[in-house]
Amino acid sequence: MSLLEVSDISKSFSTGRDILGRRSGWTHAVQNVSFQLGTGECLAVVGESGAGKSTVGRIVLRLIEPDTGSITFDGHDVRAATPTRLRALRRGMQMIFQDPHSSLDPRMSILDAVAEPLVVHTDLDRKSRTATVRALLDKVGIGARYLARYPAELSGGQLQRVAIARALTLQPKMIVCDEPVAALDVSVRSQVLNLLRDLQDELGLAYLFVCHDLALIEVIADRVLVMAGGRVVESGTVEDIYHHPQEEYTQKLLAAIPVPVPRSARR
Ligand SMILES: Nc1ncnc2c1ncn2[C@@H]1O[C@H](COP(=O)(O)OP(=O)(O)OP(=O)(O)O)[C@@H](O)[C@H]1O
Ligand SMILES: [Mg+2]
């Protein structure tokens with residue numbers, strides 16, 4: 001069985017109300033989407049703005065309730081999970097957002113931000129928490145000298161590394177990465193992507209990697225799900241999607257890549 005199994009999920013948002021206050025319009029953000037993600041695997045979800053990529057990621061983490069469909073993570077039914085079970089499941093699935101400036105609390109030191117999940121989910125004492133945070137910051141390439149600093153004192157790339165460290169504290173099996181490098185300077189994007197890839201190899205992490213830019217996924221993804229208008233239009237291995245795209249929509253996305261990215265020598 002796969003680590004994550006998403007089956008036939010749909011979600012509509014109401015977009016307006018008529019003069020009597022009745023819901024009048026609906027956006028079909030996600031329509032009948034199914035996919036699987038194996039342990040240690042990276043599935044990229046690509047597509048233009050509004051395709052429904054982030055909604056899929058949020059539904060998987062149960063931050064949004066779908067209208068229909070089922071989600072199984074690590075053998076457990078996510079939608080049917082009791083609050084206690086959901087709490088346990090949430091340790092195993094974490095999220096990294098696009099903009100680390102808004103995902104990290106500006107009033108929390110780096111130490112406190114990375115230690116927070118340990119405070120919430122474990123009974124480790126302060127000393128052990130600090131030791132864990134030091135090791136995590138080391139793993140993501142941020143020195144212990146940043147422990148007492150605040151988000152405003154770090155660059156976007158450094159902050160995203162901190163957000164990655166925070167996502168790793170509870171040793172998750174999967175991370176939903178929603179455009180994790182889109183807000184970063186082009187010069188640091190590949191560094192952060194390479195870090196994510198190395199962590200994936202080292203820790204056996206699975207990624208659901210939401211990205212609108214096909215050029216960025218080649219170094220990290222194993223398989224690709226192409227979405228448009230809330231639906232899956234095509235899915236396949238990175239090689240398939242890059243070299244033998246079947247759908248016109250995918251071909252257009254590929255044509256929009258300015259410079260072909262050489263295949264990394266990773267696998
Ligand atoms: N909370 C919400 N209320 C109403 N409509 C929403 C909500 N969240 C998303 N939508 C709509 O659902 C559709 C899919 O949105 P979603 O954010 O999943 O797209 P996306 O593929 O992540 O786009 P982007 O690349 O711009 O991040 C869009 O039409 C969006 O306007
Ligand atoms: Mg999005």
Side-chain angles (χ1 to χ4, degrees), residues 4 6-18 21-35 37 42-71 78-79 93-104 156 159-160 163-164 167 174-186 189 192-193 196 207-218 220-221 223-236 238 241 245 247-258:
L4 174 71
V6 171
S7 176
D8 212 20
I9 55 169
S10 296
K11 174 71 185 177
S12 298
F13 294 104
S14 80
T15 46
R17 292 186 184 269
D18 65 17
R22 294 176 301 209
R23 289 179 170 182
S24 55
W26 295 89
T27 302
H28 300 289
V30 173
Q31 297 184 70
N32 307 101
V33 168
S34 302
F35 60 87
L37 178 65
C42 177
L43 175 68
V45 182
V46 303
E48 290 169 313
S49 186
K53 308 180 298 293
S54 296
T55 304
V56 166
R58 294 197 189 108
I59 288 173
V60 164
L61 298 173
R62 225 181 102 172
L63 301 174
I64 296 178
E65 199 69 39
D67 301 326
T68 56
S70 69
I71 302 139
V78 174
R79 290 193 69 193
M93 38 160 95
Q94 298 289 322
M95 183 149 193
I96 302 169
F97 296 93
Q98 175 168 338
D99 182 6
H101 291 280
S102 54
S103 62
L104 293 167
L159 277 185
Q160 199 58 305
I164 292 167
M174 175 184 79
I175 303 182
V176 175
C177 306
D178 194 343
E179 310 262 10
V181 300
L184 304 181
D185 282 352
V186 173
R189 277 186 188 168
V192 172
L193 276 179
L196 285 169
Y207 292 140
L208 187 63
F209 196 89
V210 170
C211 188
H212 68 270
D213 188 350
L214 262 173
L216 292 177
I217 59 160
E218 200 177 26
I220 194 156
R223 286 185 303 121
V224 184
L225 200 70
V226 182
M227 286 187 69
R231 295 183 181 276
V232 175
V233 293
E234 182 166 4
S235 67
V238 173
I241 297 294
E247 299 296 323
E248 203 184 324
Y249 180 80
T250 311
Q251 290 161 5
K252 278 190 188 150
L253 281 182
L254 284 165
I257 300 179

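A quick note: this is a predicted structure, and the numbers were derived from the prediction, not measured. Numbering of ligands and ligand atoms starts at 1, following listing order.
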Report the member of Thr55, Val30, Ile59, Val56 with the shortest heavy-atom distance to atom 15 (O) of ligand 1.
Thr55
Can you give me the closest heavy-atom contact between Leu253 and Gly47, atom names plus distance?
CD1-CA, 4.2 Å
Residue, atom name and distance, where the atom is the protein heavy atom closest to atom 26 (O) of ligand 1
Ser49 OG, 2.5 Å
On a heavy-atom basis, which atom in Ser12 and which in Trp26 lie closest, and how many Å separate them?
CB-CE3, 3.8 Å
Would you check the N or O atoms of Thr27, main chain and side chain alike, for any that come under 3.5 Å of an N or O of ligand 1?
no
Lys53 heavy atoms within 4.0 Å reach ligand 1 at atoms 18 (O), 19 (O), 20 (P), 21 (O), 22 (O), 23 (O), 24 (P), 25 (O)
Specify the closest pair of heavy atoms between Leu225 and Leu43, including all atoms of both residues, with the distance to one decimal.
N-CD1, 4.0 Å
Quick check for you: to the nearest 0.5 Å, what is the distance between Cys177 atom SG and Ile164 atom CD1?
7.5 Å
Just to confirm, does any protein heavy atom lie below 4.0 Å from atom 31 (O) of ligand 1?
no
May I ask which of Gly229, Gly50, Ala182, Ser12 has a heavy atom nearer to atom 23 (O) of ligand 1 than the others do?
Gly50
Would Ser54 count as being in polar contact with ligand 1, using the rule that some N or O on each side must be under 3.5 angstrom apart?
yes
What pair of heavy atoms forms the shortest contact from Arg62 to Val78, and how long is it?
NH1-O, 3.0 Å
Nitrogen or oxygen of Phe13 less than 3.5 angstrom from that of ligand 1
no
Is there at least one pair of N or O atoms, one from Gly47 and one from ligand 1, spaced under 3.5 Å apart?
no
So is Ala51 polar-close to ligand 1, meaning N/O to N/O under 3.5 Å?
yes
Ala29 heavy atoms, cut-off 4.0 Å: which ligand 1 atoms fall inside?
12 (O), 13 (C), 14 (C)
Looking only at protein heavy atoms, which one is nearest to atom 19 (O) of ligand 1, and what is the separation?
Gly52 N, 3.3 Å
Inter-residue atom distance Phe209.CZ - Ile96.CD1, 0.5 Å rounding
8.5 Å
Atom pair OG (Ser103) and CD (Gln160), whose distance is rounded to the nearest 0.5 Å
6.0 Å
Polar contacts were defined as any N/O atom of the residue lying under 3.5 Å from an N/O atom of the ligand; does this apply to Arg58 and ligand 1?
no
Would you say that Leu196 contacts Pro180 through its side chain, given a criterion of any heavy-atom pair below 4.5 Å between the two side chains?
yes
Hey, could you give me the CG/OG1 distance between Leu63 and Thr55, rounded to the nearest 0.5 Å?
11.0 Å
Within-cut-off N or O pair, His212 and ligand 1, under 3.5 Å:
no
Quick check: do Met93 and Val176 have side-chain heavy atoms less than 4.5 Å from each other?
no
Count the heavy atoms of every other residue, nucleotide or ligand shown that sit under 6.0 Å from CD of Glu65, and state whether that count exceeds 12.
yes
Write down the atom of Thr250, the atom of Pro245, and the distance for their closest heavy-atom approach.
CG2-CB, 3.8 Å
For the Mg ion (ligand 2), report each protein N, O or S atom nearer than 2.8 Å, sorted by chain and then by residue number.
Ser54 OG
Kindly compute the distance separating CG (Leu184) from CD (Gln98), expressed to the nearest 0.5 Å.
9.0 Å
